[in-house]
Amino acid sequence: MDAIVKKFSREEELAHKPSQKEAEDAVRTLLRYVGENPGREGLMDTPARVVKAYQEMFGGYNESVEEVLGRTFEEVAGYDDMVMVRDIPFFSHCEHHMVPIIGKAHVGYLPDGRVLGLSKIARTVDIFARRLQTQESMTAQIAHAIDEILAPRGVAVLIEADHMCMAMRGIRKMGSSTMTTTFTGLFKTDPREQALFMSMLRGFAPA
């Protein structure tokens, strides 16, 4: 029932989506709000450029993580140890101020008969990053998407990022970094698996 409601709501949102002209007019309004003249030479094409950039930077709303994670491989020769992809770079935007979040994600999972193509993990990070986010939500979304669709024995996600809302405004603290984690399955219930994930993340070989 929830899925039907969400799908209906998404269809309603698309039906009421502003036109490109309306979006460009909104940018002109913001330019005037900050004291600029949208008609001056250097800004005449800015509204169109901003809208085009937004289509790319927020393209995650138009992608399906189910499709990305839907194709798996079962011929793994009995492999059931951790799969980890480290240092996946991403750019996102804070949902509170719409300024950049710049960081990297580390994702590990314990297969249960099926594995993902490694690029699928990076694409999953990208889909959620290219939406308005909080770092906490993004971390959980990546972990739960892989957990629900792949059904592994556990998923571990660690994200470290710099928030421009802290560096450019407000407290203005440059260089501060935020780390968040989400663990599911064995990574949550077995401290040894969680410790192995953190050890591999730091580049230490397991004993």
Side-chain angles (χ1 to χ4, degrees), residues 2-3 6-7 9-10 54 56-73 76 79-166 177-191 193-203:
D2 288 343
K6 288 178 182 177
K7 182 178 179 182
S9 298
R10 180 61 176 156
Y54 269 34
E56 180 179 349
M57 291 187 295
F58 298 108
Y61 289 111
N62 300 317
E63 294 188 66
S64 167
V65 71
E66 289 83 3
E67 290 181 9
V68 169
L69 295 175
R71 184 180 179 188
T72 59
F73 303 94
V76 294
Y79 184 86
D80 62 358
D81 288 329
M82 191 190 313
V83 177
M84 175 186 281
V85 181
R86 299 190 310 179
D87 300 321
I88 304 169
F90 71 85
F91 300 90
S92 190
H93 284 77
C94 164
E95 67 178 28
H96 299 141
H97 303 99
M98 294 183 69
V99 292
I101 301 171
I102 303 169
K104 53 187 176 180
H106 315 282
V107 181
Y109 70 94
L110 295 166
D112 190 11
R114 297 185 299 158
V115 297
L116 294 165
L118 299 181
S119 66
K120 306 300 184 186
I121 296 175
R123 283 192 63 190
T124 299
V125 171
D126 211 31
I127 287 174
F128 288 115
R130 291 191 296 127
R131 301 176 181 182
L132 290 174
Q133 284 289 10
T134 66
Q135 184 174 330
E136 296 89 343
S137 294
M138 180 178 160
T139 308
Q141 288 166 359
I142 294 168
H144 293 313
I146 296 172
D147 194 54
E148 291 176 9
I149 298 170
L150 183 63
R153 290 174 293 130
V155 179
V157 177
L158 186 149
I159 289 179
E160 46 188 324
D162 297 331
H163 293 245
M164 294 303 101
C165 59
M166 287 184 63
S177 183
T178 300
M179 298 183 70
T180 50
T181 59
T182 295
F183 299 105
T184 74
L186 285 178
F187 286 111
K188 193 167 188 175
T189 60
D190 189 340
E193 296 292 354
Q194 191 173 130
L196 178 59
F197 171 78
M198 300 304 293
S199 177
M200 290 176 65
L201 184 58
R202 296 187 183 100

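We use all heavy atoms of the structure for the numbers below, so side chains are in, but hydrogens, waters and symmetry mates are not.
- Note: Phe58 and Tyr54 have perpendicular aromatic rings, judged against thresholds of 30 and 60 degrees for the angle between ring planes.
- Between Met84 and His106 the shortest side-chain heavy-atom distance does not fall below 4.5 Å.
- For the pair Val115/Thr72, no side-chain contact is recorded, criterion being any heavy-atom separation below 4.5 Å from C-beta on.
- In this structure, the salt bridge (charged side-chain N to carboxylate O under 4.0 Å, His left out) partners of Glu63, at least two apart in sequence or on a different chain, are Arg123, Arg130.
- Remark: of the listed residues Gln141, His96, His93, Gln141 is the sole one forming a side chain to side chain donor-acceptor pair (under 3.5 Å) with Gln133.
- Under a 3.5 Å cut-off, the side chain of Thr124 and the backbone N or O of Lys120 do form a donor-acceptor pair.
- Minimum heavy-atom separation, Val65 to Ala145: CG2-CB, 4.1 Å.
- Between the CG atom in Leu110 and the CG atom in Asp80 there is a gap of 8.5 Å [rounded to 0.5 Å].
- Atom OG1 of residue Thr139 and atom CZ of residue Phe183 lie 10.5 Å apart, to the nearest 0.5 angstrom.
- When all heavy atoms of Ala151 and Asp112 are compared, the pair lying nearest together is O-CB, 3.8 Å.
- The shortest distance between side-chain heavy atoms of His144 and Thr184 falls below 4.5 Å.
- The closest donor-acceptor contact from the side chain of Arg86 to the backbone of Leu201 lies under 3.5 Å.
- Nearest heavy atoms, Phe187 versus Gln194: O-NE2, 2.9 Å.
- Shown here is Glu67, whose CD atom has no more than 12 heavy atoms of other residues, nucleotides or ligands within 6.0 Å.
- For the residue pair Thr180 and Gln135, a side-chain donor N or O sits within less than 3.5 Å of a side-chain acceptor on the partner.
- Around the CZ atom of Phe91, the shell of radius 6.0 Å holds no more than 12 heavy atoms that belong to other residues, nucleotides or ligands.
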